[in-house]
Amino acid sequence: MLPARHKKTLDESLGLVETSIGRMVPVMTEAMKKGDPLRICVEDYDYLPVDRAAFKGPIPDYKKIVPFSPFSFYLERKLYIHNMAHAVTAFLGKIKGYTYIDESIGDIYIRKLVEGAMIESAMMISKRYHVEFSELKAHIDNLLFRFQNPYLHDTVERVGREPIRKLKPKDRLVGALRGCEQEGVLPVYLSFSTAAALYSIADASAHELLNETCQISSDEPCGNYIMAFYEQLKNSPKDFASILKMIDRQYNEIRGLVV
């Protein structure tokens, strides 16, 4: 335990700076390691957002460090855009029988569905933090490009694992959906994305998961739409073209229900 006499000095001089790491690392093959078990290959992306308010001295003058406050903006951007989209790409890729994330996002229908969910999240975050939507859209475009990197060799199985954890109320899917509701954004693609996560859990009741895990009532508007998408997936699991038409219809039906 720190002696009381040092507490003031520590408070004044030690800043614990939170970061948000968005860099993706490929599955390391033996060829990539080249005989060194500690060798790690990474993608080109190398920006590091940091919590501006946590520094106790000058912020390092380095162009790849991105200071920002409130830092919750970057935490939510990572969870509700990057992590959410990665998971949805995996869920949908598994339905279509793909092995790798780059194969899944290369499917034009999956890309459209994933991008739609990302845009809804970005609209929500833009409103919540008063950040220009164009900035978030550029981030979406960058992520979609990076998901296509075949050298990452990331599998839909790995990225889509633990779907129940990813359906928790504050996690990447339901957290983004609820955030949209709070900010007046229609979460239609996100409702479908939540349905896709439910569909990936084959041995469980979708209604029970929706109520107990997601904490969404099937009587709520979003609950109704999630279950409608879920039933569509059960009936025609690979017909994503019909899902997109269904989304268009539901956008028109619920427009005005979310203020």
Side-chain angles (χ1 to χ4, degrees), residues 15-24 42-89 101 105 110-149 159 166-194 197 222 247 251 254-259:
L16 301 177
V17 182
E18 195 167 9
T19 68
S20 176
I21 299 173
R23 194 176 219 179
M24 290 183 279
V42 297
E43 64 169 346
D44 287 339
Y45 182 88
D46 60 353
Y47 289 94
L48 184 67
V50 295
D51 183 0
R52 178 189 292 275
F55 282 87
K56 293 297 177 72
I59 298 173
D61 184 16
Y62 182 61
K63 64 181 180 179
K64 298 302 178 94
I65 290 178
V66 186
F68 193 88
S69 183
F71 196 63
S72 53
F73 162 75
Y74 271 103
L75 297 178
E76 292 193 5
R77 192 187 79 159
K78 174 66 161 58
L79 183 62
Y80 296 147
I81 297 180
H82 187 157
N83 296 145
M84 178 276 297
H86 216 199
V88 176
T89 301
I101 290 295
I105 205 64
I110 291 178
R111 183 186 174 101
K112 173 66 176 173
L113 290 162
V114 171
E115 185 176 19
M118 295 170 88
I119 287 172
E120 288 176 353
S121 283
M123 291 170 64
M124 176 268 288
I125 291 171
S126 174
K127 285 189 168 190
R128 179 173 287 175
Y129 291 100
H130 308 290
V131 172
E132 289 291 336
F133 175 77
S134 58
E135 177 184 327
L136 290 162
K137 181 59 169 64
H139 179 59
I140 287 172
D141 294 341
N142 175 260
L143 282 170
L144 290 171
F145 174 76
R146 289 160 60 200
F147 286 178
Q148 296 177 77
N149 185 348
V159 177
K166 292 168 182 172
L167 282 165
K168 296 286 185 179
K170 294 184 179 180
D171 213 290
R172 63 212 68 196
L173 291 161
V174 180
L177 187 153
R178 290 301 199 194
C180 284
E181 291 179 329
Q182 292 165 6
E183 299 298 334
V185 175
L186 297 175
V188 184
Y189 283 94
L190 284 164
S191 293
F192 168 71
S193 299
T194 303
C222 67
I247 287 174
Y251 250 118
I254 70 174
R255 194 175 299 281
L257 292 183
V258 180
V259 179

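Please read these numbers as outputs of a predicted model, since none were measured by experiment. Quick note: numbers below take in every heavy atom, side chains included, and nothing from hydrogens, waters or symmetry partners.
The closest side-chain heavy-atom distance from Val88 to Leu113 is not below 4.5 Å. Side chains of Val114 and Tyr189 form no contact here, defined as non-hydrogen atoms less than 4.5 Å apart. Side-chain contact between Cys180 and Leu186: absent, with no pair of heavy atoms (C-beta onward) separated by less than 4.5 Å. Phe71 has its side chain out of reach of Arg52: every pair of non-hydrogen atoms, C-beta onward, lies at least 4.5 Å apart. You'll find the side chain of Leu48 reaches within 4.5 Å of the side chain of Val50, heavy atoms only. Using a 4.5 Å heavy-atom threshold, the side chains of Leu190 and Met84 count as touching. Taking 4.5 Å as the limit, every side-chain heavy atom of Lys78 sits out of range of all side-chain heavy atoms of Ile21. Within the 4.5 Å cutoff, no side-chain heavy atoms of Pro49 are placed close to those of Phe73.
The main-chain N or O of Val131 is found under 3.5 Å from a side-chain atom of Ser126 such that the two form a donor-acceptor pair. Under a 3.5 Å cut-off, the side chain of Glu43 and the backbone N or O of Met24 do form a donor-acceptor pair.
Ring planes of Phe68 and Tyr74: perpendicular class, angle over 60° (limits at 30 and 60°).
A cation-pi contact, defined as under 6.0 Å to the ring centre and within 45° of the axis, links Arg146 to Tyr45.
Between Ala87 and Arg172, the closest heavy-atom pair is CB-CD, 4.1 Å. Considering every non-hydrogen atom in both Gly179 and Arg128, the closest pair reads CA-NH2, 3.5 Å. The two residues Lys127 and Val185 make their nearest non-hydrogen contact at CD-CG2, 4.2 Å. Of all heavy-atom pairs spanning Val188 and Glu120, the tightest one is N-OE2, 2.9 Å.
Expressed to the nearest 0.5 Å, how far CD1 of Ile81 lies from CG of Leu143 amounts to 7.5 Å. Here CD1 of Ile119 is found 11.0 Å from CG of Leu136. Values are rounded to the nearest 0.5 Å. Annotation: the span from Leu144 atom CG to His139 atom NE2 amounts to 10.0 Å, rounded to 0.5 Å. In this structure, Leu75 CG and Tyr80 OH are separated by 10.0 Å, a value rounded to the nearest 0.5 Å. Taking CD1 of Ile105 as the start and OG1 of Thr89 as the end, the distance is 3.5 Å to the nearest 0.5 Å. The line from CG of Asn142 to CZ of Phe147 is 9.5 Å long, rounded to the nearest 0.5 Å.
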Where do Arg178 and Glu181 land on the salt bridge (Lys or Arg N to Asp or Glu O under 4.0 Å) test, with the steps shown first? CA-CA 5 Å; Arg178 290 301 199 194; Glu181 291 179 329; 2.9 Å; yes
For salt bridge (Lys or Arg N to Asp or Glu O under 4.0 Å), just list the numbers for Asp46 and Lys64, CA-CA rounded to whole Å, side-chain angles, deciding distance to a tenth of an Å, and then say yes or no.
CA-CA 7 Å; Asp46 60 353; Lys64 298 302 178 94; 2.8 Å; yes
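The environment of Phe133 atom CZ is dense: over 12 non-hydrogen atoms of other residues, nucleotides or ligands sit within 6.0 angstrom. Heavy-atom neighbours of Lys56 NZ from other residues, nucleotides or ligands within 6.0 Å: above the threshold of 12.
Under 4.0 Å is where a charged nitrogen must lie from a carboxylate oxygen, and between Lys137 and Glu132 no such pair does.
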